[in-house]
Amino acid sequence: MTARVGVVLFPGTNCEHDVIAAVEALGGSASLVWHGETSLGDVDAVILPGGFAHGDYLRPGAIARFSPVMAAVSQLASAGAPVVGICNGFQVLTEAQLLPGALQKNAGLSFLCDTVAIEVASSASVLTAGLPVGTTLRVPINHFEGNYTCDAATLEELRAGGRIILRYADNPNGSVYDIAGIANAAGNVVGLMPHPERACDPLLGSDDGRLLLGALLASAGARVGS
Amino acid sequence: MTDSSPASPGADVSLHRALGLTDDEAAAITSLLGREPNHLELAMYAVMWSEHCSYKSSRVHLGRLPSEGDRVLVGPGENAGVVDAGGGLAVALRIESHNHPSAIEPYQGAATGVGGILRDIFTMGARPIAIMDPLRFGPLDDARSRWIASGVVAGISGYGNSVGVPTVGGELVFDTCYAGNPLVNVLCCGVLPADRLVLGAATGIGNLAVLLGSSTGRDGIGGVSVLASAGFTDDAAAEEAKRPNVQVGDPFEEKRLIEACLELLDAKLVVGIQDLGGAGLTCATSETASRGGVGMDVSVAAVPQREAGMEAWEVLTSESQERMLAIVTPAALDAVLSVCERWEVQAAVVGKVTGSGRLRILTSFAPGAEVLADVPAATLHEDAPKYHRPMARPAWLDDLASADPARLPAPDDCGSDLLSLLVDPAWVYRQYDHQLFLNTVVAPGGDAALLRLAAPGVRPPPPAAGAAAAIALSTDGNARWCALDPRAGTIAVVAESALNVACVGARPVALVNCLNFGNPEHPEVMWQLSEAIDGMAEACTALGIPVVGGNVSLYNESRGRDIDPTPVVGTLGLVDRLERRPPPPALIPGTRIALIGPPAPGGLDGSLAGSLWADKVRGHRGGVLPPVDLQLHARLLGLVASIASPAGEDPTSGPATGEPAAGSSVVGIHDVSEGGIGLALAEMAIAGRTGCRVSGPLTHVALFGEGPSRVLVCLPPPAAAGGEDPYAALADRVAAAGLAVVDLGTAGGDRIVVEGLVDIGVDQAVEAAHAVLGDALGLGGGAA
Amino acid sequence: MASYDVMVEVALRPGIADPQGATIERALPALGFTGISGVRSGKAFRFSVEAASQAGAREAAEDLCRRFLTNPVIESSVVTVAPGAAAGSGAAAGSGAAAGSGAAAGGR
Amino acid sequence: MASYDVMVEVALRPGIADPQGATIERALPALGFTGISGVRSGKAFRFSVEAASQAGAREAAEDLCRRFLTNPVIESSVVTVAPGAAAGSGAAAGSGAAAGSGAAAGGR
Ligand SMILES: Nc1ncnc2c1ncn2[C@@H]1O[C@H](COP(=O)(O)OP(=O)(O)O)[C@@H](O)[C@H]1O
Ligand SMILES: [Mg+2]
């Protein structure tokens, strides 16, 4: 059955159309959910796309996490459905404490737009399920605040729990332990800085992102089927 | 008029001068009004008749640019040019300068430049899909220039990324003539369904003018602030007015404004819309009224104000950012307000369309409100003076022409000279989101950006005949050439820009220009401007590229010295079919490197006149530019576009066979421009991380010489192309086009070898190119 | 109800890397500055609070810090409160370093 | 030579638009905060200066503000100097609101 993905739109979000296009190209169905809604509607998974929710003023995600829709996102997450934050979405999920840690300014103190190599470090998440550990993917990054930070205990917990799902081959932003993406303990809530939706067409340079979004749709579809 | 007539001015004859109006201009205003203007009216004329808003020095020349063409839907004069892309889609294009604000506050100057150009595009009903940023700064060894450069790049990055429009290309030039006066030009391109095109006209008596976006503060009141020192306000306000008029950009506000305005336009809720730029509300209200042939009543009290105690003239001339003026019918007002509310965009009815033809500024809409100003709307917009300023060919040009750089001493080591010319602009464009919207097929780093023609909310064109699949964009300028000969230099700039677009497989269809010149009161500068316009007209006519818009930036001078003439062009190309990526500007191992160019003797060599090498290595700027044969160049453009075409298979060659289209065996391509063949080869080597061994060019003049109409290509060996010799096939096509081709050598290995001249490592070149900007600008450029 | 001027300084917690501070520090010698060390970068906010008392204003400001102005994972804050001069302005001029010892809000 | 702790608050000059401050202020009601107005956002820097006297430390800090930490065209700064407790740390904790009245550096 076709997985239905809700794509949350905060004022200032800008990757929502790109995410929808990528999900639909992979056979999923996608719909926008306005941040002021209190319900996500009938969806099997939700993606918080990239951009600059509320201008990233104060801190990325700091204002967005108070949006009415976030209660529904949190409920969906507790229900075990896939919740994926891409870039700004990852920042929102950490601010909302659905994922641990924080994203600071890049160590190089400048915005970075590039295509980088990342490695699958754990298959225990809705985004990496079925992808062998060590698989290298070429996926664009596009952020100023992508430098993942957490305290030593949290890092140990993440490592021990197989919750570090993606790591940079060549750390571009200073993230601790080369972290590009993490998951919650159940593996259904995922945040990552790279943009898989930008790597879904060879014409644009890479289609490795299809593996990640494909895994997400499979996870969402499996829930529908079960 | 009796009681409600505007307050009469004091006997203050110096006021108009303090506002930047000449005595003749003040007299013209009096005769247009049939009476003396009051202070507010004078302030409104002063901003509208300023050089920036009225083009009073350049207008008499701009008319010589060719602006018509089959595809031109909207030419110069509107907020942006619009070109028909077929299939029901159109492309809006516009370029602007933000030179002076960027010199004072680089980050905000550049940021607000991006904001302004975006509004010019979405005001036409187009979704902005690409920004380009041609940038020129003083030399990197100057601390202030470094501070400006890093601030400007950060500002473009900060605003462009956040507002959610990709920056897909630009230019980066460091030159002593820009120390103290950087050039920050910004181009924006948008896509719209051709039937959504809206113009900035107010129509329909009784319709409402709704101000959307930010509150109005005392931003950018600029020259008008001298009003205060002329005793127009009290002392405290005079003190306050001395605050530098720096505007701060708010990309988040702009993002919401874009979404709200496009939603309003999609729902056909507005009859006209206009951005607020220079001259703020005065400009937006008078231009919309003038274009619609109507009048407008404007209430000062209705304008949401950010600061307490603002005077009417401040409200009317403020350049607060992120504002738009929409003309809506009373019936649509509620729907308009509810769209705005959802996007958290402030909206206030500030004006009413009247049949009087007059722009009246009222204290409020309440009965008995005072009329603060009352002028014929069209006179602000259309009756600005046009000057035929004196022109004189600079006396120094003869000396420059006779300073022949061919007589300069030859390099001791061409290889180290070559390394010193390399600059990788990646340090800049890595700070720009250049991928958003999933359109960017060729990102910055190529000869031109290549984008799918699509945008959120704008349906992609059906694969109908005549519908373009992709657009190409390139911005180009070259002050070294234009300083020697503004006419020939501008021709060469247009030629190069068109060739850049061809290198990604597109045919150039339209061009916008930003004319950055010095002080127009210097006859030499006016001559340079006039010559550049003639050169642009000649090149655009010959190449069939209409000029659909432009911007003139004058008074670019510092410490009494005018900048070198710097016309910058932005060229739009169209591509019919997009099935693969065009060949990269890179050397591909195992391929043969060929040079295509003019067949005339020496045509493949170029000249050191106005060249990068002569300037950067020998500190010499002189000589006579090699001429551009525009007929030959037009044939080259056609040939290059077809061999670089991103269409997978040639649709004219019958059923699909899976074979590459004729001529499409080219696997790498790059035009030869600044730095000559030497630099072009090195750039291709860096891009492909692959060396080469070439014999010829034979001298440093041929290695670093610059000349038009030349392209380097990489061709696979016969074996890889199924036995047919790609070089022979190419040579046939080149000959048929009346051009020449020579076999330079082969690509491969890890050294860049030009026999007898250069032998450097590819790694060395990569490192040299890469280090320049990071080293100079990495720490924020240092102190001002 | 009275108006109080509040200044909030948000700093990175000790131990959290501060690339901006480090970059500034690295740039200083080239600018001719010596003897400057330990540069840490942070944020400052000023605003007015309507409250019944200065203690009430502080409480409101500290609550705001905890819940919104800081990310407790990486940041801490210091709140300074003073009786408002002119309500609503809140600009930095002159009013720096007001009374009251800083108390760290936004606890761990 | 002694070590002094310096705090620099950088604020936008009055009248200069502050989109960040305005956005934060607009968000407050939805978070349940009322009675807060005039939010202005700025930057804060802390560092240690080695100097012969407190006045010397202030002078160095103000010079740094003017030349590097601010663009006087849009920003003003307030410098606060205190004798250094432990040199080199400079984190915000506890040491807020030191003695000395703020003096605007980077003047007009
Ligand atoms: N300021 C800039 N912003 C974005 N891209 C830039 C900038 N400067 C240069 N580039 C990109 O780097 C590449 C090389 O630029 P340039 O040498 O000017 O090209 P060309 O000589 O072909 O006109 C181009 O793709 C250009 O768009
Ligand atoms: Mg080129």
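Model, not experiment: these values are computed from the prediction. Only heavy atoms go into these numbers, but all of them, side chains included; no hydrogens, no water, no symmetry mates. Chain naming here is simple, since letters A, B, ... match the order of the sequence lines and numbering starts at 1 in each.
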Practice task
Provide the closest heavy-atom pair for B:Pro582 versus B:Val442 in the form atom of the first, atom of the second, distance.
Solution key: CG-CG2, 3.6 Å
Problem - Segment of B:Arg256 engaging chain A (4.5 angstrom heavy-atom cut-off) - result: side chain
Problem - Closest-packed option against chain B by number of heavy-atom pairs under 4.5 Å, given A:Cys113, A:Gly36, A:Ala53 - result: A:Cys113
Handout entry: Proximal component of B:Asp250, with respect to chain A [non-hydrogen, under 4.5 Å]
Key = both
Exercise for the section: Sort A:Tyr57 into side chain, backbone, both or neither according to what part of it lies under 4.5 angstrom from a heavy atom of chain B. Expected result: side chain
Problem - Side chain, backbone, both or neither of A:Asp56 within contact of chain B (heavy atoms, under 4.5 Å) - result: neither
Fill in the blank from the handout: From the list B:Ala154, B:Ser162, B:Pro456, the residue making the most non-hydrogen contacts under 4.5 Å with chain A is B:Ser162
Problem - Neighbour count >12 (heavy atoms, 6.0 Å) for atom CD, B:Glu341 - result: no
Handout entry: A:Asn188 (side chain) donor-acceptor with A:Ala81 (main chain) under 3.5 angstrom
Key = yes
Exercise for the section: Can you tell which part of A:Asn88 gets under 4.5 Å to a heavy atom of chain B, answering side chain, backbone, both or neither? Expected result: neither
Handout entry: Charged N-O contact under 4.0 Å between B:Glu322 and B:Lys255
Key = no
Completion exercise
Applying a strict 4.5 Å limit to non-hydrogen atoms, the region of B:Arg452 in contact with chain A is side chain
Problem - Winner by heavy-atom pair count (cut-off under 4.5 Å) against chain A, out of B:Val441, B:Asp433, B:Val153 - result: B:Asp433
Fill in the blank from the handout: Applying a strict 4.5 Å limit to non-hydrogen atoms, the region of B:Ser157 in contact with chain A is side chain
Practice task
Quick one: sort the A:Phe111 and A:Phe52 rings into parallel, tilted or perpendicular, breaks at 30° and 60°.
Solution key: parallel
Problem - Short side-chain to backbone donor-acceptor contact, B:Gln346 and B:Gly213, under 3.5 Å - result: yes
Problem - Short side-chain to backbone donor-acceptor contact, B:Arg581 and A:Leu203, under 3.5 Å - result: yes
Practice task
Pick one of side chain, backbone, both or neither for B:Phe437, based on which atoms fall under 4.5 Å of a heavy atom in chain A.
Solution key: both
Practice task
Tell me, for B:Glu254 versus chain A, whether the close heavy atoms (under 4.5 Å) come from the side chain, the backbone, both or neither.
Solution key: neither
Handout entry: Side chain / backbone / both / neither for A:Leu9 at chain B, heavy atoms under 4.5 Å
Key = side chain
Practice task
Verify, without hydrogens or angle tests, whether B:Asn439 (side chain) and B:Ala454 (backbone) share a donor-acceptor contact under 3.5 angstrom.
Solution key: yes
Practice task
Please answer whether the main-chain N or O of B:His434 pairs with a side-chain N or O of B:Thr440 as donor and acceptor at a distance below 3.5 Å.
Solution key: yes
Fill in the blank from the handout: Whatever's closer than 4.5 Å to a heavy atom in chain B on A:His54 counts as both
